[in-house]
Amino acid sequence: MDDEYAKLIRRVNQPRVVIDNNACEDATVIQVDSVNKHGILLEVVQVLTDMNLTIRKAYIASDGGWFMDVFNVVDNDGNKIRDKEIIDYIQRRIETSAGFVSSRRGSVGVMPSEEHTSIELAGTDRPGLLSEVCAVLADLRCNVVNAEIWTHNTRAAAVVHVTDDSTGCAITDLKRLLMIKDLLCNVLKGNDDLKTAKTMLSAPGVMHRERRLHQIMFADRDYERVERTGVRAVEERSSRPQVNLLNIEKDYTVITMRAKDRPKLLFDIICTLTDMQYVVFHGMVNTTRMDANQEFYIRHVDGLPISSEAERVRVIQCLEAAIERRASEGLELELCTEDRLGLLSDITRIFRENSLCVKRALISTKGDRPECAAGET
């Protein structure tokens with residue numbers, strides 16, 4: 001009955017989105033008012049980041065069952081959003097996401113797709129791993145439609161969308177799917193005896209890709225650091241983002257963070273807090289030319305602040321990992337050419353033969369042309 005009542009309240013009180021170009025001199029102001037629900041902040045931030053908007057400032061308030069947020073955003077060139085069609089599209093997307101009524105048992109950010117098969121990979125990172133994965137997919141006549149690969153703290157995770165090369169559609173044959181899973185799992189295992197490699201196939205519904213990568217990395221415990229000694233340890237600690245936690249009596253845990261600013265930083269942090277079952281009740285984000293300062297008042301979904309030292313340390317480690325996973329470390333190489341089966345296998349083999357390690361990769365296709373971007377060190 002409580003679930004049905006919550007649905008009724010949301011239907012009666014539809015989200016209100018106001019986009020104003022006059023309220024701020026150097027940014028477009030987006031104000032969102034809606035009935036509060038767990039995950040709504042992530043859904044709104046996800047819409048903004050999917051539109052490649054940079055969030056310069058944000059003010060978050062969601063006490064008393066109502067969600068009231070203000071975001072100051074600019075485009076990739078640092079300009080206000082002037083295009084009327086883009087403004088209308090942002091407004092519709094936020095209203096649809098914030099007003100979507102789902103069961104409490106449902107997931108935030110699920111996007112159905114029957115056009116491809118989604119493959120999720122997790123394992124120990126090593127030189128040449130991506131090349132081996134791409135070679136297996138090419139041998140199995142799987143065409144990579146799009147993919148994203150992250151590495152962090154010796155761990156690797158990937159979400160790869162593939163189609164059957166002969167049909168151009170999702171792979172539905174169960175025996176073939178099991179063969180793909182087994183062969184990829186063998187590649188991921190390598191000589192690793194410390195952690196178990198994981199390969200999952202999911203169809204037809206797939207979650208938002210970047211959120212899923214955070215979840216895979218989190219489940220693989222990439223936030224657990226191997227402590228080093230000497231000069232390298234000092235350099236590592238000095239380069240980490242600053243994350244501090246403080247309890248205010250029995251009401252909230254206050255998180256303050258300072259890190260180098262970059263695109264999608266707020267999404268990565270809110271994604272991690274949401275998946276760890278924490279609720280942001282108040283918050284502030286302010287960015288400078290180089291840094292981002294963020295402050296959040298949080299509680300666990302059970303209504304309690306962080307209550308133990310072990311939980312405090314775990315939250316700090318997970319937020320540091322969320323910030324670092326997408327941080328740039330090396331040379332960024334962009335490639336664009338006509339698509340064909342095995343193209344990624346050939347490209348990644350060249351990387352491996354020249355002793356280049358791919359730290360992150362983003363692969364997409366438009367018609368018969370793929371677009372690839374990979375960071376290497």
Engineer: Measuring from atom CG of L356 to atom OG1 of T348, what distance do you get when rounded to the nearest 0.5 angstrom?
Structural biologist: 11.5 Å
Engineer: Taking the side chain from S62 and the backbone from F67, do they hold a donor-acceptor pair closer than 3.5 Å?
Structural biologist: no
Engineer: So, taking the atom named CG in D291 and the one named CE in M257, what distance separates them when rounded to the nearest 0.5 Å?
Structural biologist: 13.5 Å
Engineer: Heavy atoms, side chains only, cut-off 4.5 Å: are N153 and E324 in contact?
Structural biologist: no
Engineer: At what distance, to the nearest 0.5 angstrom, does CD of Q215 lie from CD of E120?
Structural biologist: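 Q215 atom CD to E120 atom CD measures 8.5 Å (nearest 0.5 Å).
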Engineer: Check F267 against L42 and note the closest heavy-atom contact, atom names and distance.
Structural biologist: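 Taking every non-hydrogen atom into account, CE1-CD1, 3.7 Å.
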Engineer: Quick one: pull up CD1 in I270 and CD1 in I60 and give me the separation to the nearest 0.5 Å.
Structural biologist: 5.0 Å
Engineer: Could you go through the side-chain contact (heavy atoms from CB on, under 4.5 Å) check for Q294 and L319 one step at a time?
Structural biologist: CA-CA 12 Å; Q294 306 189 26; L319 289 173; over 6 Å; no
Engineer: Hydrophobic clustering (ILVMFWY, side-chain heavy atoms < 4.5 Å, transitive) - are M284 and I55 grouped together?
Structural biologist: no
Engineer: Please confirm whether the backbone N or O of D251 pairs with a side-chain atom of R299, one donor and one acceptor, at under 3.5 Å?
Structural biologist: yes
Engineer: Quick test of your reading of the model: are D88 and K84 salt-bridged, counting only N-O distances below 4.0 Å?
Structural biologist: yes
Engineer: With the threshold set at 4.0 Å, does a side-chain nitrogen-carboxylate oxygen contact exist between R82 and D75?
Structural biologist: no
Engineer: Look at the side-chain heavy atoms of Ile, Leu, Val, Met, Phe, Trp and Tyr, link any pair under 4.5 Å apart, and say whether I81 and V45 land in one connected group.
Structural biologist: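 Yes, I81 connects to V45 through the hydrophobic network.
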Engineer: Does the side chain of T272 reach to within under 4.5 Å of the side chain of H214, using non-hydrogen atoms?
Structural biologist: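 They are in side-chain contact.
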Engineer: Do you know which two heavy atoms are closest between A138 and L341, and how far apart they sit?
Structural biologist: O-CD2, 4.2 Å
Engineer: Parallel, tilted or perpendicular: which describes the rings of H161 and H116, with under 30° parallel and over 60° perpendicular?
Structural biologist: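 Judged by the thresholds at 30° and 60°, the geometry between H161 and H116 is parallel.
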Engineer: Does T274 reach the main-chain N or O of G39 with its side chain, forming a donor-acceptor pair under 3.5 Å?
Structural biologist: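 Side chain of T274 to backbone of G39: no pair is present.
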Engineer: Taking everything shown except R16 itself, do over 12 heavy atoms lie less than 6.0 Å from its CZ?
Structural biologist: no
Engineer: So L129 and L188, side-chain contact (heavy atoms from CB on, under 4.5 Å) or not? Walk me through it.
Structural biologist: CA-CA 7 Å; L129 177 60; L188 288 169; 4.0 Å; yes
Engineer: Under a 3.5 Å cutoff, is there a donor and acceptor pairing between the side chains of Q317 and R314?
Structural biologist: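 Side-chain D/A pair, Q317 to R314: absent.
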Engineer: Testing the basics here: between E320 and V243, what is the closest heavy-atom pair and its distance to 0.1 Å?
Structural biologist: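 Closest heavy-atom pair between E320 and V243: CG-CG2, 4.0 Å.
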Engineer: Quick check against the 3.5 Å criterion: does N247 have a side-chain atom that pairs as donor or acceptor with the backbone of I306?
Structural biologist: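 Yes, N247 side chain to I306 backbone: donor-acceptor pair under 3.5 Å.
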Engineer: Is the closest side-chain heavy-atom distance between L362 and R209 below 4.5 Å?
Structural biologist: yes
Engineer: Over 60° means perpendicular and under 30° means parallel, so classify the ring planes of H282 and Y252, tilted if in between.
Structural biologist: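 Answer is perpendicular, since the angle exceeds 60°.
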Engineer: V74 versus D26: any side-chain heavy-atom pair under 4.5 Å?
Structural biologist: no
Engineer: Is any side-chain heavy atom of F296 closer than 4.5 Å to a side-chain heavy atom of V285?
Structural biologist: yes
Engineer: Is there a side-chain contact between K359 and D125 in this structure, where contact means two heavy atoms from C-beta onward sitting under 4.5 Å apart?
Structural biologist: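 Contact flag for K359/D125 side chains = yes.
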Engineer: R325 versus R360: any side-chain heavy-atom pair under 4.5 Å?
Structural biologist: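 A side-chain contact under 4.5 Å is absent here.
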Engineer: Can you list the steps and then say if F71 with L53 is a side-chain contact (heavy atoms from CB on, under 4.5 Å)?
Structural biologist: CA-CA 11 Å; F71 301 91; L53 300 178; over 6 Å; no
Engineer: Looking at C271 and R211, what are the two nearest heavy atoms and their distance?
Structural biologist: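 The answer is SG-CG, 3.3 Å.
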Engineer: Closer than 3.5 angstrom, by distance alone: can the side chain of D69 be matched with the main-chain N or O of A61 as a donor-acceptor pair?
Structural biologist: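 Yes, the answer is positive, given that a donor and an acceptor are paired below the 3.5 Å cut-off.
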Engineer: Quick check against the 3.5 Å criterion: does D302 have a side-chain atom that pairs as donor or acceptor with the backbone of L304?
Structural biologist: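 Here the side-chain-to-backbone pair exists.
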Engineer: Is the side chain of T151 donor-acceptor paired with the backbone N or O of V358 at a distance under 3.5 Å, no angle test?
Structural biologist: no
Engineer: Would you say K80's side chain and C24's backbone share a donor-acceptor pair under 3.5 angstrom?
Structural biologist: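 Such a contact is found between K80 side chain and C24 backbone.
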Engineer: Should we count NZ of K264 as having more than 12 external heavy atoms under 6.0 Å?
Structural biologist: yes
Engineer: Indicate, with yes or no, if Y89 and V17 share a hydrophobic cluster defined by side-chain heavy-atom contacts under 4.5 Å among Ile, Leu, Val, Met, Phe, Trp and Tyr.
Structural biologist: yes
Engineer: Check whether R176 reaches the backbone of L140 with its side chain - one donor and one acceptor, N or O, closer than 3.5 Å.
Structural biologist: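 Side chain of R176 to backbone of L140: a pair is present.
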Engineer: To check you understand the geometry: which heavy-atom pair defines the closest contact between N146 and S364, and what is its length?
Structural biologist: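 Here N146 and S364 meet closest at CB-CA, 3.9 Å.
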Engineer: Ion pair present between R312 and E309, side-chain N to carboxylate O less than 4.0 angstrom?
Structural biologist: yes
Engineer: Which value, rounded to the nearest 0.5 Å, describes the distance between I87 atom CD1 and N21 atom CG?
Structural biologist: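 If I round to the nearest 0.5 Å, the distance is 5.0 Å.
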Engineer: How far does CG of L130 sit from CG of L344, to the nearest 0.5 angstrom?
Structural biologist: 7.5 Å
Engineer: Looking only at heavy atoms, which two atoms of V73 and I30 are closest? And how far apart?
Structural biologist: CG2-CD1, 3.8 Å
Engineer: Please determine whether a side-chain nitrogen of the Lys or Arg among D268 and R326 lies less than 4.0 Å from a carboxylate oxygen of the Asp or Glu.
Structural biologist: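 Salt bridge: yes.
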Engineer: Any side-chain heavy atom of I255 sitting closer than 4.5 Å to one from E295?
Structural biologist: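 Side-chain contact under 4.5 Å: no.
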Engineer: Using the rule that two of Ile, Leu, Val, Met, Phe, Trp, Tyr join whenever any of their side-chain heavy atoms come within less than 4.5 Å, decide whether V136 and V144 are in one cluster.
Structural biologist: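 Linked, V136 and V144 end up in one cluster.
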Engineer: Could you walk me through whether H38 and V279 pass the side-chain contact (heavy atoms from CB on, under 4.5 Å) check?
Structural biologist: CA-CA 7 Å; H38 181 53; V279 179; 3.8 Å; yes
Engineer: Within the supplied structure, the quantity of interest is the number of heavy atoms (other residues, nucleotides, ligands) at a distance under 6.0 Å from E85 CD; does it exceed 12?
Structural biologist: no
Engineer: Kindly say whether I323 contributes a backbone atom to a donor-acceptor pair with the side chain of R262 at under 3.5 angstrom?
Structural biologist: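 Pair found, side chain donor or acceptor close to backbone of I323.
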Engineer: Tell me whether I269 is reachable from I40 by hopping between hydrophobic residues (I, L, V, M, F, W, Y) whose side-chain heavy atoms are closer than 4.5 Å.
Structural biologist: yes
